[in-house]
Student: 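Just passing along the structure, written as structure tokens.
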Protein chains: 2
Amino acid sequence: MPTINDVAKAAGVSPSTVSYVLSGRRPISAETRARVQAAIAELGFHPHAGARALASSKTNVIALVAPLRVDVNVPVIMQFATAVVTAARSFNHDVLLLTKDEGTAGLERVAHSTMVDALILMDLERDDLRIPALRKLKQPSVLIGLPADHTGIACVDLDFAAAARTALTHLAGHGHRRIGLVGPSPAVYRRQTTYADRFLSGFLEASAELDLRTVTHPCEPGAEGVRSALADLDAALDGITALVVHNEEALRPLLDLLQATGRRVPEDVAIVAICPRDVAMSMPVNLTSIDIPAHDVGTIAVETAMRLLDGRRVEYTRLLEPSLVERDSCREIPPSHR
Amino acid sequence: MPTINDVAKAAGVSPSTVSYVLSGRRPISAETRARVQAAIAELGFHPHAGARALASSKTNVIALVAPLRVDVNVPVIMQFATAVVTAARSFNHDVLLLTKDEGTAGLERVAHSTMVDALILMDLERDDLRIPALRKLKQPSVLIGLPADHTGIACVDLDFAAAARTALTHLAGHGHRRIGLVGPSPAVYRRQTTYADRFLSGFLEASAELDLRTVTHPCEPGAEGVRSALADLDAALDGITALVVHNEEALRPLLDLLQATGRRVPEDVAIVAICPRDVAMSMPVNLTSIDIPAHDVGTIAVETAMRLLDGRRVEYTRLLEPSLVERDSCREIPPSHR
DNA sequence: GCCCATCGTCGAAGCGCTTCGACGAACTTC
DNA sequence: GAAGTTCGTCGAAGCGCTTCGACGATGGGC
């Protein structure tokens, strides 16, 4: 492996000049620059990342802390990860992948040993124990999610409360007054994953504001979970005409179940799903849905981290506006039937 | 951030002694070691990764090159990734996540700049352009997959050819003579992803050896793809009594379709799936399946990388034996009906 | 009781880079 | 045309660690 000294010799300049060509931090004559670049290309020189990190206190690496549970929501997590890696590369950064189960210790390890410049975390819980640990780090962090006390830490996410409002407003606008929420699995609520909480609060508030009759129920994965959730919803509220589904895994079995029990979508029951666009469009009925903009969220998280590193201003709480796309799973209830 | 010098002063020893306490490369008296460790703990010292890499030429980081396409096979990819990260941590290594779409350049970038000690790649193609590039790197690499020319590079994977054999042998043993293969999507074959190739060859060979009547067909994702694949199979071979399904995404729509067209599983058509255990068990019918042991493969890949780094012997082609688990989707055909 | 080997520790060199201050040369500015 | 700028480059220090050689102190072998 050639070093910066080899390049310097080949180009007939000093090592510092090579460094300045690379970083652009000082003016270099066009002629010298050309000679240096030629030498770099010819020797196939790549600066040693460790040496660079040591001298400059910058690693050009960010940590991504992902929940590598395999149980739930895998495609969405993957979309976040893809977006983060791609965006990071566009800022000339690489991504170090950590798992959530290393907890606080993992964050401290990579931060204290200066392996990364910044951290991005996903799957935050309401009172996530990692938040206080993050505050103590010298590296900035960006959360994908919105825990209870996030003062001083940048957060990015879909505005799930607004999403719930949007879903109910849409349904109410189509004449639905009795609406059920099929929520995430009880495990998600138990962990107090922030999106579940926020969606539920938004749902309840909007329900009151719009004067709707609503019921909510978590939903275990699998056909059996869906069956029982739906049964509970029906038992709790007669004459449900619409369902809001905030649970990807439940969508398919729910549609199967509705079909099997002779309830047509959208004629007998309308559905608004909260899920990635492609999931909504791969169902037997094209679902009217509110997208989970994983790509945007991941990209913004990285951008925010970069601004933080540059000492630029950032919006500390960035909640993306939900956008509802109408497809084939909602229908206007004729006024006569309301 | 305290440095090794701070620790040395606090413990009343020289920096090199601290280093030897940390690495264990030279004998240190119990007493000194205790003093040093106390100082480390008290100051919260973590060695600077870059400095370490510079001095020792070891980063304790491995690269994982994953296909971050979101289209296909996401859960399996995630299982590999999880296994790799977890295994790497157990060897005190971290994982740098690269995407396949950076191609050769990405590999060279992280290798030449000494960001990683070794590389693990997944989703290899038959004549993968990255292989020659890998050979030129000073870091060892391990492939999850088995490209055509892999001389000198360690490979780990399920033995997909044997898996096909196992599936056919099982079905033949139950009296099935007319069997269809529902393969991966045409895109997978087009890319010549190695597992698809190997499965297909194994299938064809075993079919000949066992003197079976078989037909094979790729299968586009989605209900429509399944419908057309099945139609083509039926058209190509009368009286199919069993299907081998090497396509996770197809499983659910396939079962739906069979049910909708009144073909019972396993009474009218037997199914052997090649997919992760949990997928097989989350279907309306518990499927007899051959597991894709993503966890084992990922773990072995990391272990192999570690052995390579230690200069120990490794098995350069490690194909895991398939294991078929009988569940509810295959039934013996009564001899009278054969 | 002498010679060697081993143990436990230290000091210094060096890994490859960035960055600061310095300095001559070329340009402005009145 | 003297004083001050800016430009382009260099040399040296230093980032925090590992590792090699050295060296006094022990202990074993005979």
Side-chain angles (χ1 to χ4, degrees), chain A residues 1-37 39-40 43-61 92 109-117 138 309, chain B residues 1-37 39-40 43-61 92 109-117 138 309:
Chain A
M1 297 276 99
T3 72
I4 200 172
N5 280 298
D6 301 330
V7 175
K9 275 175 203 153
V13 299
S14 77
S16 52
T17 300
V18 177
S19 179
Y20 289 124
V21 167
L22 252 24
S23 69
R25 293 185 173 285
R26 287 214 179 159
I28 298 286
S29 71
E31 189 204 347
T32 304
R33 187 180 316 122
R35 276 215 318 287
V36 169
Q37 278 163 346
I40 288 177
L43 297 177
F45 167 72
H46 291 251
H48 186 292
R52 211 164 217 199
L54 180 56
S56 69
S57 307
K58 285 183 192 177
T59 63
N60 276 36
V61 174
N92 196 30
R109 183 168 54 77
V110 299
H112 289 156
S113 60
T114 324
M115 301 184 76
V116 302
D117 294 337
K138 64 169 191 263
L309 288 176
Chain B
M1 295 276 101
T3 73
I4 200 171
N5 279 298
D6 301 329
V7 174
K9 276 176 201 149
V13 299
S14 78
S16 52
T17 299
V18 177
S19 179
Y20 288 124
V21 167
L22 251 23
S23 70
R25 292 184 173 286
R26 287 212 178 159
I28 298 286
S29 71
E31 190 204 347
T32 305
R33 186 180 316 123
R35 275 214 318 285
V36 169
Q37 278 163 346
I40 289 177
L43 297 177
F45 167 72
H46 291 252
H48 186 292
R52 214 167 213 195
L54 180 57
S56 69
S57 308
K58 286 186 192 172
T59 63
N60 275 34
V61 173
N92 196 30
R109 182 167 55 76
V110 299
H112 288 155
S113 60
T114 323
M115 299 184 77
V116 302
D117 294 337
K138 63 169 194 263
L309 288 176

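Labels below follow one simple rule: chain letters A, B, ... track the order of the sequence lines, proteins then strands, and each chain is numbered from 1. Keep in mind the model is a prediction, meaning the values are calculated, not measured.
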Student: Just the rounded figure in Å: distance from P of C:dG14 to CG of B:Leu54.
Tutor: 14 Å
Student: For A:Ser19, report the nucleic acid contact type (base, sugar-phosphate, nothing); a contact means any heavy atom under 4.0 Å.
Tutor: base
Student: Expressed in angstrom and rounded to an integer, what is the separation of B:Arg25 atom CZ from D:dC17 atom C1'?
Tutor: 13 Å
Student: With a 4.0 Å limit, can you tell me whether B:Thr32 has a side-chain N or O closer than that to the phosphate oxygens OP1/OP2 of C:dG8?
Tutor: no
Student: Between A:Arg33 (side chain) and A:Ile28 (backbone), is there a donor-acceptor pair under 3.5 Å?
Tutor: yes
Student: Assign each of B:Pro15 and B:Ala55 to its nearest nucleotide of DNA chain C by heavy atoms, then name whichever residue's nucleotide is nearer the 5' end.
Tutor: B:Pro15
Student: Out of C:dT18, C:dC15, C:dT9, which nucleotide sits closest to the side chain of B:Ser29?
Tutor: C:dT9
Student: Closest-nucleotide mapping onto DNA chain D: is A:Gly12 or B:Gly50 further toward the 5' terminus? I mean the 5' end.
Tutor: A:Gly12
Student: Expressed as a whole number of angstroms, how long is the span from A:Ile4:CD1 to D:dA12:P?
Tutor: 16 Å
Student: Please determine whether a side-chain nitrogen or oxygen atom of B:Ser56 lies at a distance below 4.0 Å from atom OP1 or OP2 of C:dC15.
Tutor: no
Student: Counting side-chain heavy atoms from CB outward, which of D:dT9, C:dC17, C:dT9 is closest to A:Ile28?
Tutor: D:dT9
Student: Test for a donor-acceptor pair under 3.5 Å between the base of C:dC17 and the side chain of A:Tyr20, counting only N and O atoms.
Tutor: no
Student: With a non-hydrogen cut-off below 4.0 angstrom, is B:Pro47 in contact with a base, only sugar-phosphate, or nothing?
Tutor: sugar-phosphate
Student: Report the distance from atom NE2 of B:His112 to atom P of C:dC17, rounded to the nearest whole Å.
Tutor: 14 Å
Student: Take atom CD of B:Glu31 and atom P of C:dC7, then tell me their distance rounded to the nearest Å.
Tutor: 18 Å
Student: What is the distance, to the nearest angstrom, from the CG atom on B:Leu22 to the P atom on D:dT19?
Tutor: 11 Å
Student: Look at B:Ser14 and C:dC10 and indicate whether a side-chain polar atom (N or O) is within less than 4.0 Å of OP1 or OP2.
Tutor: yes
Student: Checking A:Ser16 against A:Ser19: is there a side-chain donor and acceptor pair closer than 3.5 Å?
Tutor: no
Student: Does B:Ser16 make a side-chain donor-acceptor contact with the base of C:dG11, cut-off 3.5 Å?
Tutor: yes
Student: Is there a donor-acceptor pair under 3.5 Å between the side chain of B:Asn92 and the backbone N or O of B:Asn60?
Tutor: no
Student: Would you name the heavy atoms of B:Met115 and A:Ala49 that are closest together and state the gap between them?
Tutor: CG-CB, 3.6 Å
Student: State whether the side chain of A:Asp117 and the backbone N or O of A:Thr59 hold a donor-acceptor pair below 3.5 Å, judged by distance alone.
Tutor: yes
Student: Can you tell me if A:Arg26 touches the phosphate of D:dT9, counting only side-chain N or O atoms and a distance under 4.0 Å to OP1 or OP2?
Tutor: no
Student: If I take atom CG in residue A:Leu43 and atom C1' in nucleotide C:dG16, what distance separates them, rounded to the nearest angstrom?
Tutor: 15 Å
Student: Between C:dC17 atom C1' and A:Ile40 atom CD1, what is the distance in whole Å?
Tutor: 13 Å
